[in-house]
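Let me begin by presenting the structure, written as structure tokens, before commenting on it.
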Amino acid sequence: MNDAYPRYRRALAGERLPAALVDVDAVDANIPRLVEPIRAAGKAVRIATKSVRCPDLIEYLVAKTQAIGLMTYTAQETAMLVERGHRDLVLAYPTLQAADLDAIARANKRATAALVVDCVEHLAAAEAAAKRAGSTIPIVIDIDMSYRPLARGPHLGVRRSPLRSPDAVLALAEKIRAPLRFHGLLGYEAQIAGLGDAVPSSFATNAVKRAIKRRSEPVVRALRRECVQALRARDLAPSIVNGGGTGSVASSAGDESLTEITVGSGFLASGLFDEYKGLTLAPAAGFALQVTRHPAPEIYTCLGGGYVASGAGNGAPRAWLPPGISLLGAEGAGEVQTPIHSKTPLALGDPIFLRHAKAGELAEHFDEYLLVRGERIESRAKTYRGLGYCFLG
Ligand SMILES: Cc1ncc(COP(=O)(O)O)c(C=O)c1O
């Protein structure tokens, strides 16, 4: 929105900077873009909490999208969300720690808190915890959805599950016994959902990425279908089949095997999701820094800013507002200070706005989100960090 800079500037006047803001109008604009294709295909939405990390905002999204539940990222986080009243959760990333599994086993006395696994070791650890707690843990099996066009060729996708065939999935499903129960399948097609294919100035690489997506899509669908068929044939019909992510909403919606699609980052439209063909989202989260120095014409130095994302890609924050600002190649977003280039004249004390590359990680740098509507702060929402949680620290 063209008026975003003056609006945010007015909204944040008098606030301590750096500060993180979420533009709730922009979130509201993103919701139908992500959810409508999923609903139109008759599938449920599941919210990826790792991409939000702010309970009030998670609950806002659940209500607005009528999500079936949450995809969580750690066991202690899952337990906390059950305490807050959530009743349908899938912990998507395995753990072997007894304390974690005990928390999941206890959570299942009040909610359905499914556990994702991919090997017998995961099952054995979960089984022991369920026995200790006297509860039943629903189990979701993770299928490797990566694209491997050649037997000895590249692995295009994430490195998570070793299960790549219906036989392998079925063999593990048949080992699930009380007090565990088979609940469903997870298959995250990262080479489609997590691969930006409209990266500026990368014309040739974008074309290759689009070809990978196009070719892997039918392979992904076939594998999911065959896994579901193999399980059904042994009376192990999955209750849920989860897949997709922000970057694959359109293609995942067309996969008949999926009962639900996970979405997280797209609601806040973090920087990485600017780089997807056919995905137009409104930037909805960012952080404000104060201009503290003016070392040269059109160069302004700000306090803070070095909130760099995990992963192998471009993890630097994206320059946002006022329009036309850019980070300096020589320094990037700094440990303590961040210089920017701006043709718009700025005064010392003025705010500038950057966006994090990843949606959830922004919350690790701030205690609260300022929830902005129009040009005012409508409310404040504590992040996990602000509530004292550090689930992966
Ligand atoms: C298992 C799983 N599902 C879905 C997603 C998609 O999340 P998002 O919509 O935030 O990209 C991810 C992201 O890494 C994931 O690990």
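The figures here come from the full heavy-atom set of this structure, side chains too, leaving out hydrogens, waters and symmetry mates.
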Within the side chain of Tyr276, is there an N or O that forms a donor-acceptor pair under 3.5 Å with the backbone of Ala193? yes
Could you check whether any side-chain N or O of Ser248 sits under 3.5 Å from a backbone N or O of Gly245, counting only pairs where one atom can act as donor and the other as acceptor? yes
Kindly indicate whether the side chain of Arg318, heavy atoms from C-beta on, has any atom under 4.5 Å from the side chain of Leu272. yes
Taking atom types as modelled, find out whether Gln337 and Arg293 have a side-chain donor-acceptor pair closer than 3.5 angstrom. yes
Do His356 and Tyr307 have their ring centres less than 6.0 Å from each other? no
Tyr8 and Phe353 aromatic centres sub-6.0 Å: yes
Judged by atom type as modelled, is there a donor-acceptor pair below 3.5 Å linking the side chain of Asn108 to the main-chain atoms of Ile104? yes
Under a 4.5 Å cut-off applied to non-hydrogen side-chain atoms, are Glu256 and Arg224 in contact? no
Scan Val27, Asp274, Thr246 and name whichever one has a side chain to side chain contact (heavy atoms under 4.5 Å, CB included) with Leu281. Thr246
Is a side-chain N or O of Arg160 found less than 3.5 angstrom from the main chain of Asp144, in a donor-acceptor match? no
Do Thr49 side-chain atoms and Met71 backbone N/O form a donor-acceptor pair below 3.5 Å? yes
Tell me if a side-chain donor or acceptor on Gln191 pairs with a main-chain N or O of Met145 at a distance below 3.5 Å. yes
